[in-house]
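Remember, it's a predicted structure, so these values are computed and weren't measured experimentally. Letters A, B, ... mirror the listed sequences (proteins, then strands); counts begin at 1.
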4 protein chains.
Amino acid sequence: MTHSKEPARTREAGAKRRRLMEAAADVVHRQGAERTTIADIARAAEVPVGNVYYYFKTKDELVAAALSEHERHLNLLVSELNRLPDPRERLKGLIDGWAGQRDLAVRHGCPTGSLAAELGKRDEGGLDVEAGRVIRLLLTWVEDQFRELGRPDPEGLALTLVGAYQGMSLLANALRDPGVVDRECARLTAWIDSFEAA
Amino acid sequence: MTHSKEPARTREAGAKRRRLMEAAADVVHRQGAERTTIADIARAAEVPVGNVYYYFKTKDELVAAALSEHERHLNLLVSELNRLPDPRERLKGLIDGWAGQRDLAVRHGCPTGSLAAELGKRDEGGLDVEAGRVIRLLLTWVEDQFRELGRPDPEGLALTLVGAYQGMSLLANALRDPGVVDRECARLTAWIDSFEAA
Amino acid sequence: MTHSKEPARTREAGAKRRRLMEAAADVVHRQGAERTTIADIARAAEVPVGNVYYYFKTKDELVAAALSEHERHLNLLVSELNRLPDPRERLKGLIDGWAGQRDLAVRHGCPTGSLAAELGKRDEGGLDVEAGRVIRLLLTWVEDQFRELGRPDPEGLALTLVGAYQGMSLLANALRDPGVVDRECARLTAWIDSFEAA
Amino acid sequence: MTHSKEPARTREAGAKRRRLMEAAADVVHRQGAERTTIADIARAAEVPVGNVYYYFKTKDELVAAALSEHERHLNLLVSELNRLPDPRERLKGLIDGWAGQRDLAVRHGCPTGSLAAELGKRDEGGLDVEAGRVIRLLLTWVEDQFRELGRPDPEGLALTLVGAYQGMSLLANALRDPGVVDRECARLTAWIDSFEAA
DNA sequence: CATGAATGAGGTTTCATTCAT
DNA sequence: CATGAATGAAACCTCATTCAT
């Protein structure tokens with residue numbers, strides 16, 4: 001109880017890989033992929049540095065793991081929202097989720113968006129494409145909601161909504177101002193409400 | 001005078017600093033601050049590596065120089081737009097400018113925004129605050145236009161407009177899709193047009 | 001008995017060690033001792049990495065096992081050749097064997113010779129001596145044939161013949177040219193034929 | 001005089017690169033390319049480890065430098081021998097050179113040959129081809145001598161002579177026996193002498 | 001100021017070997 | 001004996017920064 005030094009193996013096998021993925025997602029979100037060292041992630045996951053490579057052969061694989069964690073979280077959120085009967089409520093639920101993560105956005109931006117921006121600076125590795133794929137998952141889901149609502153140009157509306165989210169996250173982070181998220185989320189919610197029923 | 005090796009110091013004296021700033025802004029935009037080395041910037045500016053330090057004492061100062069280049073460009077743009085008599089036309093001119101930089105945004109995102117996102121991952125150095133300041137310059141100018149247009153909540157409108165720009169830049173870059181910029185710029189222009197005259 | 005996981009231990013028991021030795025000989029010949037990892041050998045032998053250490057306590061023991069495999073092959077070849085009644089035919093049979101392994105020599109050199117060269121770079125471990133011992137086995141056998149042929153200085157002739165083999169293997173490998181083996185083997189055969197009967 | 005710590009820069013600029021090449025050739029000959037670390041070479045050249053990379057971007061470039069040193073030595077030797085008027089004397093001079101390096105061959109084998117053998121184990125990098133090129137330089141020169149002597153099949157004779165050298169070097173090294181070089185060099189000299197004048 | 005060269009801290013990665021089950 | 005997982009020592013390499021000329 002005093003030390004966490006006790007062998008983690010006894011608890012559950014395979015949990016380490018999960019711990020590493022979560023640590024990678026978290027640390028990369030906070031520090032950025034370039035500034036994050038393997039040692040940072042290893043420390044956060046309470047795993048010896050050398051052991052990390054048993055689970056992930058390169059640093060890039062760890063970054064990919066962070067990305068897939070964000071994908072997992074997105075899928076969880078979407079599953080949750082899909083239980084709501086009304087697409088309008090689903091979209092407003094999504095926006096509520098963004099509002100709820102306000103402080104995280106202020107400190108570090110959108111996890112997926114800021115990672116995508118960083119990976120987009122690379123010329124090789126293909127991780128940039130992977131990031132685009134995760135973002136497109138959200139876009140497609142949002143588009144589906146607008147379509148179900150019977151709105152014309154659901155693809156454009158999805159771009160506008162998700163773009164607004166990425167924009168507010170970046171501004172809130174750059175200005176260190178939580179009010180940005182509050183205002184924009186309120187505006188977006190009102191925007192959704194302004195749509196007449198199908 | 002004796003050697004032809006003698007450089008035209010007086011002629012190029014100030015030019016080197018300028019070249020370094022421009023190179024820093026360009027290379028950092030393309031590669032990101034972390035992935036950019038001093039040697040990269042020196043090469044792009046055609047300045048010997050060892051010489052860089054006479055103009056910029058640290059790498060952070062070079063990043064700050066990149067930021068100030070973006071600030072300079074912003075000021076130039078704003079000066080240009082301020083010549084237009086109508087604030088509505090000024091805002092539409094701003095949006096036209098974004099549309100005109102579409103391909104750059106697709107490849108590397110908004111220069112200031114992506115740099116701000118990267119610097120926001122740092123805990124020290126204060127460059128993140130500097131980036132926020134540059135972004136705020138744009139926000140304030142946009143806000144002034146909305147105010148002059150007589151719109152209520154000009155600050156919120158500015159956040160929405162600039163946020164939309166940051167969002168479209170990030171999405172266009174992540175998806176490698178120029179259409180994102182086209183669509184959103186068209187929408188924003190229509191949005192501005194939807195405001196009645198003061 | 002309860003689980004089908006139960007392996008046929010008794011059946012495969014000794015086979016694993018044999019598989020590991022063969023894999024070591026093969027992989028070390030192709031990649032060299034230094035570039036070969038325990039994992040490489042384990043994979044080639046289809047033995048779990050952690051299990052290797054029950055058969056070979058160190059990597060050096062595996063290299064020694066590779067050497068002893070080459071020794072075993074040499075002994076098999078010599079036994080075969082010893083069935084021939086004429087020492088001249090035995091020597092020519094040896095050369096034929098070299099010619100038959102031409103393509104292997106072009107790709108990776110003589111298994112024993114290239115391993116001896118690599119081990120000769122070491123200052124410790126004694127494996128270099130072991131490699132010399134295996135090579136001397138061949139030398140002694142060849143010497144015996146020349147002696148039986150009644151040639152003067154059989155030791156010198158053996159050095160010449162085996163040296164020619166090592167030289168052609170190295171050159172064929174370095175030049176990636178199978179013709180080297182063809183030419184030299186033909187020459188050596190003619191050389192043997194040039195000796196008058198005892 | 002007591003310490004060699006004094007800045008080497010004062011002596012001659014550019015000498016460091018030369019020192020590194022020589023150290024690489026020497027250490028790689030003694031330890032083999034795989035067992036040689038950058039630190040080993042740096043120490044032998046009295047250069048800080050980090051500085052090595054200013055001159056050679058990768059370890060492979062250092063190995064290539066070692067190879068080119070051997071090429072340089074070969075060219076020097078050949079230039080020397082070319083001063084002799086008689087091709088027979090030139091070839092015997094070459095063999096005398098081998099005999100003179102007897103002890104080095106016993107300890108570490110032929111510098112070029114053992115390096116070629118090691119590089120031949122690689123699948124990538126192209127250094128193996130480079131090693132073959134250097135060996136071919138010697139072959140071609142020897143071939144030219146035999147041709148000038150008016151012997152038939154000069155290419156085959158060159159293969160035989162150079163192959164004998166590589167073979168004796170490998171055997172002498174594997175057996176740790178200088179006598180191998182003595183005997184074989186004597187035999188080769190007699191062989192050359194056995195050719196009638198053109 | 002100018003410049004190629006120097007330096008060392010720190011990061012990524014590999015791998016022989018050991019250990020818990 | 002069997003096995004996946006663990007460990008840490010070392011190797012390669014990068015780069016911001018400094019220095020000698």
To the nearest Å, how far apart are C/Arg19 CZ and F/dC1 P? 15 Å
Starting at atom CD of B/Glu61, determine the distance to atom P of F/dA16, rounded to an integer number of angstrom. 14 Å
Atom CG of D/Asn51 and atom C1' of E/dG8 are separated, to the nearest Å, by 11 Å
Whole-Å gap separating C1' (F/dA10) and CD (C/Glu34): 14 Å
By the 4.0 Å heavy-atom rule, please label C/Lys57 as base, sugar-phosphate, or nothing. nothing
First of D/Thr58 and B/Tyr53 reached from the 5' end of DNA chain F, by closest nucleotide: D/Thr58
Below the 4.0 Å mark, does E/dG4 have OP1 or OP2 next to a side-chain nitrogen or oxygen of D/Lys16? no
Using heavy-atom distances to pick each residue's nearest nucleotide on DNA chain E, tell me which of D/Pro48 and C/Lys59 is more 5'. D/Pro48
Ion pair C/Glu22/C/Arg19, N-O distance below 4.0 Å: no
Are any of the side-chain nitrogens in C/Arg122 or C/Asp60 under 4.0 Å away from the carboxylate oxygens of its partner? yes
Calculate the interatomic distance between B/Glu46 atom CD and E/dT3 atom P; express it in whole Å. 12 Å
Within 45° of the six-membered ring axis of C/Phe56 and under 6.0 Å from that ring's centre, is NZ or CZ of C/Arg17 located there? yes
Mate of E/dT3 across any strand shown (Watson-Crick or G-U wobble, both atom pairs under 3.5 Å) is F/dA20
Length of the CZ-C1' vector between C/Arg43 and E/dC15, whole Å: 12 Å
What is the distance from CD1 of A/Ile38 to C1' of F/dC13, rounded to the nearest Å? 15 Å
Taking for A/Val52 and for C/Gly50 the nucleotide of DNA chain F with the nearest heavy atom, the one nearer the 5' end belongs to C/Gly50
Measure from CZ on B/Arg35 to P on E/dG11 and round the result to the nearest Å. 16 Å
Under 4.0 Å from OP1 or OP2 of E/dC1: is there any side-chain N or O of B/Tyr54 that close? no
D/Arg133 and D/Glu71 ion-paired at < 4.0 Å: yes
Ranking D/Val47 and C/Asp60 by the position along DNA chain E of their nearest nucleotide, the one closer to 5' is D/Val47
When the C1' atoms of F/dT21 and E/dC1 are considered, how many whole Å apart are they? 13 Å
Correct closest heavy-atom pair for D/Gly32 and C/Lys121 would be N-CD, 3.8 Å
Reckon A/Tyr55 touches a base, only the sugar-phosphate, or nothing at all at heavy-atom distances under 4.0 Å? sugar-phosphate
